[in-house]
**Student:** 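Take a look at the following structure, please.
In each ligand, atom 1 is the first atom listed, and ligand 1 is the first ligand listed. Worth knowing before you read on, the calculation uses all heavy atoms, side chains too, and leaves out hydrogens, waters and symmetry mates.
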Amino acid sequence: MSDKIKMTVENGIATISVNRPEALNALSKDLIDEMDAMLEQIKRDPSIRVLVFCSEKNFAAGADIKAMAVCDPEGARAFVFSDTYNKIEALGIPSVAVIEGYAFGGGLELALTCDLRIASRDATLGLTELNLGIIPGAGGTVRLPRLIGEAKAKEMIFMSRIVSGEEAERIGLVNVAVAPEELRAVATKWAEKLKTRSAVALRAAKESIENGIRDTDYVSAIDREAEIWSSLFSSYDQKEGMAAFIEKRKPKFENR
Ligand code: CAA
């Protein structure tokens, strides 16, 4: 393991941070491989309830251009981050990207794999790959239009348009943009809130939402929701959640 990326786990919240200030936290393939191992660890540890991506000063100024510059198509294919990024999206726990400074290219694509995004108002975000004569290659051309719509996504990608955190909130690219000094506190509040939810119900909500996005058949997506919904009635947390409502008290979920 290098000292360029680390994961801390505290009270059920895992935080992954990149530490390459000399390259504005640009992501090399080695870093992504280390991130992959961290995700495998998260998958094995049921005590981890929330994943946060949060790096000092800059979220990430993209994939490492200096390492990519010499690639031929085969080398570029081996450089692709998508397998690891897909794993983040497929996690059963919620993930939150906390964005300050630059979130460009593969950096913003990392944030796009997360369930929720919180940005500093003065952060700058963009899929700027066309400046380099390439296209986003870590899910950006697929995930961005789903999130902000085709027209806005084409505007950002075709013209390498950079948006501020504030504008990112307006176009739905991030959930919320906050004052820089509030960023960490808001992120902690959101992660703590997510931790209080039933992990079983959260996982089910995530599964049904993802299925609804992917399944082009509207009715079958709603049927799937009904299946997932009804399966929750065998969970302890459903019994506890409803009993707590009836008894006018706070639920004590056990995540089963
Ligand atoms: N890869 C490698 N090194 C990078 C980098 C990157 N993505 N971004 C910045 N750096 C390095 C710079 O080369 C520089 O290193 P040196 O001091 O050794 O020259 C250092 O970080 C500081 O950068 P700048 O001097 O450029 O800082 P700046 O404040 O003037 O500019 C910036 C900041 C606007 C973010 C500019 O660095 C920049 O445009 N970076 C590239 C952004 C980009 O195009 N990202 C997409 C990458 S491609 C990709 O991600 C592919 C994919 O889809 C997976």
**Student:** What residue and heavy atom of the protein are closest to atom 42 (C) of ligand 1, and at what distance?
**Tutor:**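 Looking only at protein heavy atoms, the one closest to atom 42 (C) of ligand 1 is Ala61 O, 3.4 Å.
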**Student:** Quick one: which ligand 1 atoms are inside 4.0 Å of a heavy atom on Thr128?
**Tutor:**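 The atoms of ligand 1 under 4.0 Å from a heavy atom of Thr128 are 43 (C), 44 (O), 45 (N), 46 (C).
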**Student:** Please report the closest heavy-atom contact between Met35 and Ile16, naming both atoms and the distance.
**Tutor:**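 Of all heavy-atom pairs spanning Met35 and Ile16, the closest is CG-CD1, 4.4 Å.
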**Student:** Between Glu34 and Lys4 (salt bridge meaning N to carboxylate O under 4.0 Å), is one present in this structure?
**Tutor:**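 Salt bridge: no.
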**Student:** I'd like to check whether Ala26 has a polar contact with ligand 1, where a contact means an N/O of the residue lying under 3.5 Å from an N/O of the ligand.
**Tutor:**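 Ala26 vs ligand 1: no N/O contact under 3.5 Å.
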**Student:** Check this for me - ligand 1, Ile65, N or O atoms closer than 3.5 angstrom, yes or no?
**Tutor:**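 For ligand 1, there is an N or O atom that lies under 3.5 Å from one belonging to Ile65.
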**Student:** Is there at least one pair of N or O atoms, one from Gly106 and one from ligand 1, spaced under 3.5 Å apart?
**Tutor:**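 Indeed, backbone or side chain, Gly106 has an N or O that close.
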**Student:** Nearest non-hydrogen contact with atom 10 (N) of ligand 1 belongs to which option: Gly137, Ala23, Ala69?
**Tutor:**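 Checking each option, the heavy atom nearest atom 10 (N) of ligand 1 is found in Ala23.
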**Student:** Which heavy-atom pair separates Asp237 from Ala199 by the least distance, and what is that distance?
**Tutor:**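 Smallest heavy-atom distance, with atoms named: OD2-N, 4.3 Å.
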**Student:** CZ/Phe81 to CG/Asp33 distance, rounded to the nearest 0.5 angstrom?
**Tutor:**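 CG of Asp33 is found 9.0 Å from CZ of Phe81.
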**Student:** Which is closest to atom 46 (C) of ligand 1 in terms of heavy atoms, Gly139, Gly105, Ser160?
**Tutor:**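 Nearest heavy atom to atom 46 (C) of ligand 1 lies in Gly105.
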**Student:** Using a 4.0 Å cutoff against the non-hydrogen atoms of Met68, which atoms of ligand 1 qualify?
**Tutor:**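 That gives atoms 48 (S) of ligand 1.
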